[in-house]
Undergrad: 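First the structure, then my questions, so here it is.
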Amino acid sequence: MSWLLGNRGAAQRSGIITVLDVGSSKVSCIIAKLLPDENMRALPHRTHRIRVVGIGHQKSQGVKSGVVVDLDRAEQAIRLAVDAAERMAGLTVDSLIVNVSAGRIRSETSTATINLGGHEVANADIARVLLAGARQALRAEREVVHSLAVGFSLDLERGIRDPRGMMGDTLGVDMHVVTADAVPLRNLELCINRAHLSVERMVATPYASGLAALVDDEAEMGAACIDMGGGTTTMSVFVEGKFVHADAIPVGGNHVTMDLARGLSIRLDDAERLKVMHGSALPASAADDREMVSVQPIGGDEMDEPLQVPRSVMTRVVRARVEETLELVRDRLNRSGYGALVGRRVVLTGGASQLAGLPEAARRLLGRNVRLGRPLGVAGLPEAAKGAAFAAPVGLLIYPQVAEFESRAAAKGGLFMRSTGTGGRFQRVGQWLRDSF
């Protein structure tokens, strides 16, 4: 984050990183090369350029609201996505970074202090105080996903961004700790392990989406990134360049599809097609009352004449669910205590955010400036992957560049660094990134 400073003059090296986005609508695997670059000032936290060398995506199976509900089907979708990316990149993947949107993601704040005895603050002291803060957030059947320093203090002097090299008697830290239910995380990891792959790290989806879609000024002044996926809508808040809050709501684009299928008595595949082609979050107009849409009733014979339904009927169904979701987001954001710090800056990402009229509906209901986000600063993405739906997997590619303190604390304490990928690609990438600072 912005408090993570270091020696940028050190020799920088290239590396390969693999990420996996297991969503309710699609499973995406991206293999990319990270190349040294010192000219990424417009984008937060970037020390390296990202060039995609392999990508594969598959319709998700066996995943509902981000939770694995069928191991066999989910494993098959993961295998197919990873295999396609491997073939395109011409290499074999053994471990990867994975996003998490399940498990009732929750943000907590904690404060911890350690005694320095008057000596200079070293990296080992920062690791100790971060670990002490993370332990406070542990609960039964909950697991720490991220443990991030919001700010440090020395002898009660607060607001210190990087205390390394400073002297004092007491080092304190204000922590932002993201936790999730342990069981959904374990089942996701089990599913990936069954595909003969290991999980190097799990990253909260809203954090990844924010890293990919926010520009530096937004992250610094305060902004919210709302990732609207198929089964879940997640939210992240960035203030002063730091990730300070996360939340998740188990409602997404698939719920709009289900409402259409039920309301019009049509198959789910037909409902999804209608949503993409004709769906809108804008109020129905007089023209919508006159425009008719053909729908094939569920259980009907293909030889039967399709029913003609006014587009306005479909628009009312879509709009009701979209407004309900945005109202939930608004209420969660206001209850978080960060609503005022976010100001008027909101960025929408995720596949469901691409619904026609959704940014306009969000502006009205959230009362803020809203823009549609997309992955920034990544070369080699195919045209189909340059939209808001691929913000989370691109954010996973950025994550190792911001994880120095977090990964060190985790490796020492064993709280949230997963053992399945020990010595794997993330550790190697993390090491050369640390050498770069």
Side-chain angles (χ1 to χ4, degrees), residues 21 23-26 28 43-44 66 99 101 105 204-219 221-239 243 245-257 275-276 279-282 318-334 336 338-339 341-378 381 384-396 398:
D21 173 11
S24 304
S25 298
K26 71 177 187 310
S28 307
L43 301 174
N99 69 324
S101 55
I105 289 173
T205 297
Y207 186 17
S209 296
L211 288 175
L214 294 179
V215 298
D216 206 14
D217 285 347
E218 287 173 328
M221 291 189 294
C225 179
I226 299 165
D227 187 281
M228 305 184 76
T232 55
T233 296
T234 59
M235 177 176 65
S236 59
V237 175
F238 287 73
V239 177
F243 172 45
H245 182 73
D247 206 345
I249 303 164
V251 181
N254 291 348
H255 293 76
V256 177
T257 303
K275 181 185 76 173
V276 172
S280 173
L282 296 173
V318 171
R319 191 180 174 211
R321 177 64 80 171
V322 166
E323 290 187 349
E324 179 195 26
T325 304
L326 290 170
E327 285 167 0
L328 286 170
V329 168
R330 181 191 62 200
D331 294 345
R332 293 283 185 97
L333 183 59
N334 291 337
S336 73
Y338 290 100
L341 292 174
V342 165
R344 301 184 62 80
R345 289 167 292 277
V346 172
V347 177
L348 297 178
T349 62
S353 70
Q354 298 173 120
L355 181 71
L358 203 144
E360 290 83 355
R363 286 188 197 103
R364 179 171 54 84
L365 285 164
L366 300 179
R368 290 174 162 89
N369 295 328
V370 176
R371 73 173 177 86
L372 197 59
R374 57 185 176 82
L376 300 170
V378 180
L381 279 175
K386 289 182 179 179
F390 281 81
V394 169
L396 296 177
I398 299 163

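All residue numbers in this chain count up from 1 along the given sequence. Just so you know, these numbers come straight off a predicted model, no measurement behind them.
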Undergrad: Roughly how far, to the nearest 0.5 Å, is CE of Met221 from CZ of Arg344?
TA: 13.0 Å

Undergrad: Just how far is it from atom CE of Met235 to atom CD1 of Ile105, taken to the nearest 0.5 Å?
TA: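 Rounded to the nearest 0.5 Å, the CE-CD1 separation comes to 11.5 Å.
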
Undergrad: Before you tell me yes or no, could you show the steps for Thr325 and Ile249 under side-chain contact (heavy atoms from CB on, under 4.5 Å), namely the whole-Å CA-CA distance, both residues' side-chain angles and the distance that decides it to 0.1 Å?
TA: CA-CA 8 Å; Thr325 304; Ile249 303 164; 5.7 Å; no

Undergrad: When you measure from the side chain of Arg332 to the backbone N and O of Ala248, does any donor-acceptor pair fall under 3.5 Å?
TA: yes

Undergrad: Quick one: are Leu381 and Val394 in side-chain contact, heavy atoms under 4.5 Å?
TA: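 Yes, at least one pair of side-chain atoms sits under 4.5 Å.
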
Undergrad: State, with a plain yes or no, whether a side-chain heavy atom of Asp21 is found less than 4.5 Å away from one of Lys26.
TA: yes

Undergrad: Hey, could you give me the CG/CG distance between Leu358 and Leu372, rounded to the nearest 0.5 Å?
TA: 8.5 Å

Undergrad: Does any part of the side chain of Arg321, heavy atoms only, come nearer than 4.5 Å to the side chain of Val251, both counted from C-beta?
TA: yes

Undergrad: What's the shortest heavy-atom distance between Gly373 and Thr349, and which atoms?
TA: CA-CG2, 4.2 Å

Undergrad: Rounded to the nearest 0.5 Å, how far apart are NE2 of His255 and OG1 of Thr232?
TA: 9.5 Å

Undergrad: Is the Tyr207 ring parallel, tilted or perpendicular to the Phe238 ring (thresholds 30°, 60°)?
TA: tilted

Undergrad: Which atoms form the tightest heavy-atom contact between Ser236 and Phe243, and what is the distance?
TA: CB-CE1, 3.6 Å

Undergrad: Please find the pair of heavy atoms, one from Leu211 and one from Gly395, that lie closest to each other, and give the distance.
TA: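 So the two residues come closest at CD1-O, 4.0 Å.
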
Undergrad: Minimum heavy-atom separation for Arg330 and Leu365, please, with both atom names.
TA: CD-O, 3.2 Å

Undergrad: Do the non-hydrogen side-chain atoms of Ile226 and Val346 ever get within less than 4.5 Å of each other?
TA: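 SC-SC contact between Ile226 and Val346 confirmed.
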
Undergrad: Just so I know, are the side chains of Asn99 and Pro393 near enough to count as touching, which here means a heavy-atom distance under 4.5 Å?
TA: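 Side-chain contact under 4.5 Å: no.
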
Undergrad: Taking atom CE of Met228 and atom CG of Leu355, what is their separation to the nearest 0.5 Å?
TA: 8.5 Å

Undergrad: Any donor and acceptor pair, going by atom type alone, linking the side chain of Ser24 with main-chain N or O of Gly66 inside 3.5 Å?
TA: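 Checked: pair present.
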
Undergrad: So which atom in Ala208 and which in Ala392 form the shortest heavy-atom distance, rounded to 0.1 Å?
TA: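 In this case the closest contact between Ala208 and Ala392 is CB-O, 3.5 Å.
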
Undergrad: More than 12 heavy atoms of other residues, nucleotides or ligands under 6.0 Å from CZ of Arg374: is that the case?
TA: no

Undergrad: Tell me if a side-chain donor or acceptor on Ser280 pairs with a main-chain N or O of Leu282 at a distance below 3.5 Å.
TA: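 It does hold such a pair.
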
Undergrad: Could you state the interatomic distance from OG (Ser209) to CG (Leu348), rounded to the nearest 0.5 Å?
TA: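 Going from the OG atom of Ser209 to the CG atom of Leu348 covers 11.0 Å.
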
Undergrad: Minimum heavy-atom separation for Leu214 and Arg371, please, with both atom names.
TA: CA-NH2, 4.1 Å

Undergrad: With side-chain contact (heavy atoms from CB on, under 4.5 Å) as the test, would you mind laying out the steps for Leu333 and Val237 before giving the verdict?
TA: CA-CA 9 Å; Leu333 183 59; Val237 175; 3.9 Å; yes

